[in-house]
Structure formats: structure tokens, C-alpha cells
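For reference, the structure discussed in these notes is given below.
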Amino acid sequence: MIFTVGGIKGGSGKSTIATNLTVWLSKRGFDVLLVDADEQETATKFTKWREHITRGASGYTATVLTGDAVRQQVTKFKPKFDHIVIDTGGRDTTSQRAALFVSDVYLVPFNPRSFDLWTIADVENLVKEVRSLKPDELHAFSILNRADPKGSDNKDLAVLLSESFVIDYIAPAIVSRKSFANTASSGLGVIEGNPVDEKAVGEIDQLFTKIMGIIGVVIDANFSAKTSVK
Ligand SMILES: Nc1ncnc2c1ncn2[C@@H]1O[C@H](COP(=O)(O)OP(=O)(O)OP(=O)(O)O)[C@@H](O)[C@H]1O
Ligand SMILES: [Mg+2]
């Protein structure tokens, strides 16, 4: 499967979701390619830290692509990997469009109480446009990220996101937790944190497992994470 993590808003958690998804899939034994299609190169910096901390055994392959090269190169890489995760910037760029044309799944994080919500219609239009030009299906999911641990704002946003006929809202929400920033700054997924943040891991696990269920990716529950590092 090819996953693009994107949207039209900066700082919503795209790189956090993309890097955690990459680590999560690789820990389940999949051969994953992480494509950094954002000129800020957050995913690349993450991988550099990870390579340092794991002494080169990051567990996945990483590359940087921009513009239409995303479409061309990802099409070339497709048969070589089980899954490809593309991290894009927070704008409607050539790179993001190129990524969407070759993707099966589009993941769009939204934050509560932010200007993100104003971009829902724009993201819907982008998805509709790409779908009209693309022969294969593009499954689009909205994710509530940096959610409040308590309060009604999450629910309000979830209701709003659920109203879309173009992008499917998928629960659970990912609550704002320090462990995401702490693990990311050392090139680790939240599932690799030490100490492990059980709540964050639970949310990420539930969310990704649910997405895989919907798109038909079979996860081997008995797979030993230790053997997955390539
Ligand atoms: N669930 C979360 N809990 C706590 N912090 C988070 C969470 N998700 C993201 N962050 C933090 O928010 C900041 C922005 O996240 P991230 O870099 O993933 O966003 P982005 O959408 O990729 O941004 P950009 O548009 O600049 O590429 C980072 O410092 C990250 O650690
Ligand atoms: Mg980013």
C-alpha cells in the first residue's frame, strides 16, 4: 500500500503520523520505504537520528523526493516494498499532488481549536480532483491529532470531521502527549519509547490497526518485533 500523510495545514502532525506509521509497519515485519516529500525534511532528520541511535539499523529505507519525481520514483519503488509512506508539507504542492496520484491511502491530521478546520473543504476538493483523474481508489481518512486529554472540543471536531462524505473520520483521536515529541526527537516511534507511554501506544496501535483493517492489510499478531529490524 502507498500512504500519503498530508493536508493543507502546517504543524498538524503529518511527520509525526508518517514516522510513527513507518516504524509501526516495520515493527510488524513489513519492508517499508519512507519518502520525505517535504522540503523541511523532518522525516529525513528523524531517520538520521534513528540511524545514529540504532547504529544504522533503522528498520526501513528512507529517501527524499520532490515534485513530479515523487510520482515517477514511487511508481518505480512500488514493487520493491510492502508499503510506502510519503510525508508531505502542509501546502497543496506539486509534491503532495504527485504523491496522491500514486497513493492508495491519504491520511490527514487535524488539530482541535485551530485554523485546520477551515481547510477541510479545501482538502475535500483536492481529494475529489485527484479521484477524478486517477484510475485507482484513493481512500482518504481524517485523524484527530493533538487532541485534549479531556473536554468537549475533541467531540465537537470529531462530529464535524464525520460529516464529510469525501474523507472518512477515523477514531481514536491521538491525544497531545509529550511522548510523541520526546520519542521523535531521538528518532524513535512512540511504540519504542523508554519508558513506554502506554496510552499513546494504545491510541496509535488502535488507530493504525483500524486503518489496516479497512484497507485490507493483514497484520500478523504473532509477529515478533525483534526479528523485523532489517
Ligand atoms: N499527538 C501529539 N502530541 C504531542 N505533540 C505532538 C503530537 N503530534 C505532533 N506533535 C508535535 O507537534 C509538532 C508538529 O508536529 P509535526 O512536525 O508532526 O507536524 P507537521 O504537520 O509535520 O508539520 P509541518 O507542516 O511543519 O511539516 C512537533 O513538535 C511534534 O512533536
Ligand atoms: Mg512535517
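Nothing here was measured: the structure is a model prediction, and the numbers come from that model. The first residue in the sequence is number 1, and the count goes up from there. Atoms within each ligand, like the ligands themselves, are counted from 1 in listed order.
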Open item on the list: For Ala18 versus Val85, what's the shortest heavy-atom pair and its separation?
Closed with: O-CG1, 3.6 Å
Open item on the list: Strictly distance-based, threshold 3.5 Å: is any side-chain N or O of Lys134 a donor or acceptor partner for the main-chain N or O of Ser103?
Closed with: yes
TODO: Report, as a single number, the protein N, O or S atoms less than 2.8 Å from the Mg ion (ligand 2).
DONE: 1
Task: Geometric class of the Phe141/His139 ring pair [parallel <30°, tilted 30-60°, perpendicular >60°] - done: parallel
TODO: List the steps and the verdict of side-chain hydrogen bond (donor to acceptor under 3.5 Å, both in side chains) for Gln72 and Asp68.
DONE: CA-CA 7 Å; Gln72 291 162 6; Asp68 203 46; 3.2 Å; yes
Task: Minimum-distance pair of heavy atoms, taken over all atoms of Pro109 and Val5 - done: CD-CG1, 4.2 Å
TODO: Return yes if some donor-acceptor pair links the side-chain N/O of Asp36 with the main-chain N/O of Thr63 below 3.5 Å, else return no.
DONE: no
TODO: Without swapping roles, check the side chain of Gln96 against the backbone of Gly89 for a donor-acceptor pair under 3.5 Å.
DONE: yes
Open item on the list: Between Ser15 and Asp87, is there a side-chain donor-acceptor contact under 3.5 Å, judged purely by atom types and distance?
Closed with: yes
Task: Interatomic distance, Leu188 atom CG to Ser58 atom OG [nearest 0.5 angstrom] - done: 11.5 Å
Contacts table for ligand 1: protein N or O within a distance under 3.5 Å of ligand N or O, distances only.
{"residue": "ligand 1", "atom": "1 (N)", "partner": "Asn145", "partner atom": "OD1", "Å": "2.9"}
{"residue": "ligand 1", "atom": "1 (N)", "partner": "Val175", "partner atom": "O", "Å": "3.3"}
{"residue": "ligand 1", "atom": "3 (N)", "partner": "Arg177", "partner atom": "N", "Å": "2.9"}
{"residue": "ligand 1", "atom": "3 (N)", "partner": "Arg177", "partner atom": "O", "Å": "3.3"}
{"residue": "ligand 1", "atom": "8 (N)", "partner": "Asn145", "partner atom": "ND2", "Å": "3.0"}
{"residue": "ligand 1", "atom": "12 (O)", "partner": "Arg146", "partner atom": "NH1", "Å": "3.2"}
{"residue": "ligand 1", "atom": "18 (O)", "partner": "Ser15", "partner atom": "N", "Å": "3.4"}
{"residue": "ligand 1", "atom": "18 (O)", "partner": "Thr16", "partner atom": "N", "Å": "2.8"}
{"residue": "ligand 1", "atom": "18 (O)", "partner": "Thr16", "partner atom": "OG1", "Å": "2.5"}
{"residue": "ligand 1", "atom": "19 (O)", "partner": "Gly13", "partner atom": "N", "Å": "3.1"}
{"residue": "ligand 1", "atom": "21 (O)", "partner": "Gly11", "partner atom": "N", "Å": "3.4"}
{"residue": "ligand 1", "atom": "21 (O)", "partner": "Ser12", "partner atom": "N", "Å": "3.0"}
{"residue": "ligand 1", "atom": "21 (O)", "partner": "Gly13", "partner atom": "N", "Å": "2.9"}
{"residue": "ligand 1", "atom": "21 (O)", "partner": "Lys14", "partner atom": "N", "Å": "2.9"}
{"residue": "ligand 1", "atom": "21 (O)", "partner": "Lys14", "partner atom": "NZ", "Å": "2.6"}
{"residue": "ligand 1", "atom": "22 (O)", "partner": "Lys14", "partner atom": "N", "Å": "3.4"}
{"residue": "ligand 1", "atom": "22 (O)", "partner": "Ser15", "partner atom": "N", "Å": "2.8"}
{"residue": "ligand 1", "atom": "22 (O)", "partner": "Ser15", "partner atom": "OG", "Å": "2.9"}
{"residue": "ligand 1", "atom": "23 (O)", "partner": "Gly11", "partner atom": "N", "Å": "3.1"}
{"residue": "ligand 1", "atom": "25 (O)", "partner": "Gly11", "partner atom": "N", "Å": "2.9"}
{"residue": "ligand 1", "atom": "25 (O)", "partner": "Lys14", "partner atom": "NZ", "Å": "2.8"}
{"residue": "ligand 1", "atom": "26 (O)", "partner": "Gln40", "partner atom": "NE2", "Å": "2.9"}
{"residue": "ligand 1", "atom": "27 (O)", "partner": "Asp38", "partner atom": "OD2", "Å": "3.4"}
{"residue": "ligand 1", "atom": "27 (O)", "partner": "Gln40", "partner atom": "NE2", "Å": "3.3"}

